[in-house]
Enquirer: 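Please find one structure pasted underneath; my questions will follow.
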Protein chains: 2
Amino acid sequence: MDASNLPEDALATPVPRRREVVPEATVARLPIYLRALHGLADEGQTTVSSEALAEAAGVNSAKLRKDLSHLGSYGTRGVGYDVDHLIAQISRELGLSRRCSVVLVGVGNLGRALAGYGGFASRGLAIDALLDADRSRVGEQIAGLTVRHMDDLPDVVTGVSIGVIATPADAAQEVCDRLVSAGVTSILNFAPTVLSVPSHVDLRKVDLSIELQILSFHEHRKAARAEGALA
Amino acid sequence: MDASNLPEDALATPVPRRREVVPEATVARLPIYLRALHGLADEGQTTVSSEALAEAAGVNSAKLRKDLSHLGSYGTRGVGYDVDHLIAQISRELGLSRRCSVVLVGVGNLGRALAGYGGFASRGLAIDALLDADRSRVGEQIAGLTVRHMDDLPDVVTGVSIGVIATPADAAQEVCDRLVSAGVTSILNFAPTVLSVPSHVDLRKVDLSIELQILSFHEHRKAARAEGALA
DNA sequence: CTGACTTTGTGCGCGCGTTCACAAGCGCGT
DNA sequence: ACGCGCTTGTGAACGCGCGCACAAAGTCAG
């Protein structure tokens with residue numbers, strides 16, 4: 001893409017050449033690989049084969065190799081991948097080495113849980129600020145952070161930032177708009193509602209009840225199949 | 001996705017249902033349609049066109065029509081869909097009319113948030129029991145439920161059940177195994193680890209930190225593209 | 001009853017993602 | 001040095017899902 005028309009890319013840049021655009025499906029799996037690699041590193045493993053890493057990540061080994069090939073050729077044939085090196089490459093690809101501030105809006109039950117969730121900090125993504133529209137909650141200490149009022153948003157958002165919405169559904173769109181106005185270009189929405197954002201903003205959503213409903217469907221289908229089998 | 005544990009029957013079902021197999025991608029969107037329909041019903045709408053419903057759900061109208069066509073022909077050409085009827089049909093398809101008990105294991109920060117999350121009950125999926133391995137938490141009242149000990153699991157799981165794992169990562173696999181032993185065939189995992197289950201068990205996972213890392217990747221890429229543009 | 005308008009349902013082409021299968025490459029033992 | 005075995009990286013086939021565009025089917029006015 002942008003690197004394709006650079007005449008001498010591989011020699012000049014300290015960073016290995018970006019081969020191509022990484023498919024979205026691959027990006028979604030990189031964090032899983034990263035987690036598995038950290039687990040292997042903690043066990044003292046220095047190298048790992050695609051077969052072993054795929055097993056730890058719960059995916060097909062061919063898929064894993066193709067995913068990693070989109071980042072570059074970081075493996076050694078006959079040996080496997082160097083664990084630490086691969087961790088570094090995936091972390092760099094995900095932008096985890098670069099400082100990236102995260103702003104969480106809404107400190108209800110879910111917001112509190114997210115603020116206290118340890119999985120973020122261990123991957124270089126720590127929540128930097130907590131905001132809430134309810135002034136009675138402002139000043140409260142949660143997970144080492146002080147809750148600030150929503151109106152402080154412009155002061156909190158500095159440079160590259162990710163916004164997390166953990167408010168009730170009816171407040172989500174307004175919060176979303178204010179995040180966008182403040183310059184946030186990536187938003188993670190936990191509120192059970194459809195948000196509309198400008199095209200330059202990345203929006204991901206996690207709906208807890210939807211996952212349960214999908215499981216309910218499968219339970220229902222399994223039950224129907226069982227009844228059909230004995231009929 | 002994790003289609004590896006989805007059993008596939010080569011032979012047609014003996015049930016003379018004209019309904020075909022609903023694609024997984026469609027199932028994942030049905031809850032979104034259902035939520036949008038409930039919103040329309042609350043506004044007093046009795047019928048809705050595919051265009052309007054697609055807008056409310058945030059999807060393409062052709063996709064919505066194709067999704068609904070997998071359930072049957074419930075629309076009226078020239079008019080649209082009857083809101084209440086469509087709600088009933090989707091609810092039936094998702095198995096929400098059938099009683100389906102949900103067991104939540106782990107009442108830490110996240111477990112508490114899930115227990116108090118209102119989105120479940122409004123869709124016919126209420127959490128019926130809270131379990132925890134920590135005896136100091138047993139007896140605690142959360143969202144109208146009393147926390148019971150993990151050892152009570154066999155008494156709690158009766159009939160069709162869905163298990164939700166909200167424990168730390170290192171306890172998740174053991175909890176998962178105990179759920180499976182107790183007869184649970186659908187599991188929703190919030191712990192940041194890869195779980196292995198028998199092929200007859202449906203497993204879905206939600207990893208909060210993975211979503212953030214995916215957004216981090218896009219931020220990183222946007223920043224890199226901006227730098228490349230001015231170079 | 002008829003014709004014009006509206007909206008559903010779907011056939012079809014296309015692009016993405018997954019998987020198989022194998023050639024290329026690397027280390028190691030002899 | 002040299003072949004042998006192991007593992008990576010990838011070409012190719014396949015299947016799925018998405019979206020366009022249109023025919024089928026219903027409503028409504030006169």
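Chain letters run A, B, ... following the sequence lines, proteins first, then strands; residues in each count from 1.
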Enquirer: Mind checking if B:Thr26 touches a base, just sugar-phosphate, or nothing, with heavy atoms under 4.0 Å?
Expert: nothing

Enquirer: Can you find a donor-acceptor N/O pair under 3.5 angstrom joining the side chain of A:Lys66 to the base of C:dG17?
Expert: no

Enquirer: Are side-chain heavy atoms of A:Val22 and A:Glu93 found at a separation under 4.5 Å?
Expert: yes

Enquirer: Using a cut-off of less than 4.0 Å, is there contact between a side-chain N or O of A:Arg65 and OP1 or OP2 of C:dC20?
Expert: no

Enquirer: Separation of B:Tyr74 atom OH from C:dG9 atom P, in whole Å?
Expert: 11 Å

Enquirer: Please state whether the phosphate of C:dT19, meaning OP1 or OP2, lies under 4.0 angstrom from any side-chain nitrogen or oxygen of A:Lys63.
Expert: yes

Enquirer: Rounded to whole angstroms, how far apart are CG on A:Leu64 and C1' on D:dT10?
Expert: 14 Å

Enquirer: Would you kindly give the CZ-to-C1' distance between A:Arg29 and C:dT18, to the nearest whole Å?
Expert: 8 Å

Enquirer: Counting only side-chain heavy atoms from C-beta out, which of C:dG9, D:dT8, C:dT18 sits nearest to A:Ser50?
Expert: D:dT8

Enquirer: Assess whether atom CD of A:Gln173 is packed by more than 12 heavy atoms of other residues, nucleotides or ligands within 6.0 Å.
Expert: yes

Enquirer: What distance do B:Ile210 atom CD1 and A:Leu125 atom CG have between them, rounded to the nearest 0.5 Å?
Expert: 12.0 Å

Enquirer: Round to the nearest Å and state the distance from A:Glu55 atom CD to D:dT7 atom P.
Expert: 14 Å

Enquirer: Would you say B:Glu43 and B:His38 are linked by a side-chain donor-acceptor pair, where the criterion is simply a distance under 3.5 Å?
Expert: no

Enquirer: Want to settle it: does A:Glu24 or B:Val48 sit nearer the 5' end of DNA chain C, counting the closest nucleotide to each?
Expert: B:Val48

Enquirer: Restricting both atoms to N or O, compile the protein contacts to nucleotides 25-30 of chain D shorter than 3.5 Å, with distance only.
Expert:
{"unit_1": "D:dA25", "atom_1": "O4'", "unit_2": "B:Arg77", "atom_2": "NE", "d": "3.3"}

Enquirer: Which residue is it: B:Val180, B:Asp177, B:Thr185? I am looking for the one with a side chain to side chain contact (heavy atoms under 4.5 Å, CB included) to B:Pro198.
Expert: B:Val180

Enquirer: Carefully, step by step, assess B:Leu71 and B:Leu30 under the rule side chain to side chain contact (heavy atoms under 4.5 Å, CB included).
Expert: CA-CA 10 Å; B:Leu71 310 186; B:Leu30 288 181; 4.1 Å; yes

Enquirer: Distance check needed: C:dT8 P versus B:Gln89 CD, whole Å only.
Expert: 16 Å

Enquirer: Under 4.0 Å: is that the gap between some side-chain N or O of A:Asn60 and OP1 or OP2 of C:dG17?
Expert: no

Enquirer: Let's see if you can work this out: which of C:dG9, D:dA21, C:dC20 has an atom nearest to the side-chain heavy atoms of B:Ala62?
Expert: D:dA21

Enquirer: Nearest-Å distance, CG (A:Asp82) to P (D:dT7)?
Expert: 16 Å

Enquirer: Nearest whole angstrom, please: distance from the C1' of D:dG9 to the NE2 of A:His70.
Expert: 11 Å

Enquirer: State the OG-OH distance between A:Ser49 and A:Tyr81, to the nearest 0.5 angstrom.
Expert: 9.5 Å

Enquirer: Would you indicate, yes or no, if D:dG9 has its OP1 or OP2 atom less than 4.0 angstrom from a side-chain nitrogen or oxygen of A:Tyr81?
Expert: yes

Enquirer: Answer yes or no: does a side-chain N or O of A:Ser49 lie under 4.0 Å from OP1 or OP2 of D:dT7?
Expert: no

Enquirer: Using a 6.0 Å cut-off, check whether atom CD of B:Glu55 has over 12 heavy atoms from anything other than its own residue.
Expert: no

Enquirer: Once you round it to whole Å, what is the distance between C1' of C:dG17 and CG of A:Asp67?
Expert: 10 Å

Enquirer: Heavy atoms from C-beta onward define the side chain here; which of D:dG9, C:dG9, D:dT8 lies closest to that of A:Ser69?
Expert: D:dG9

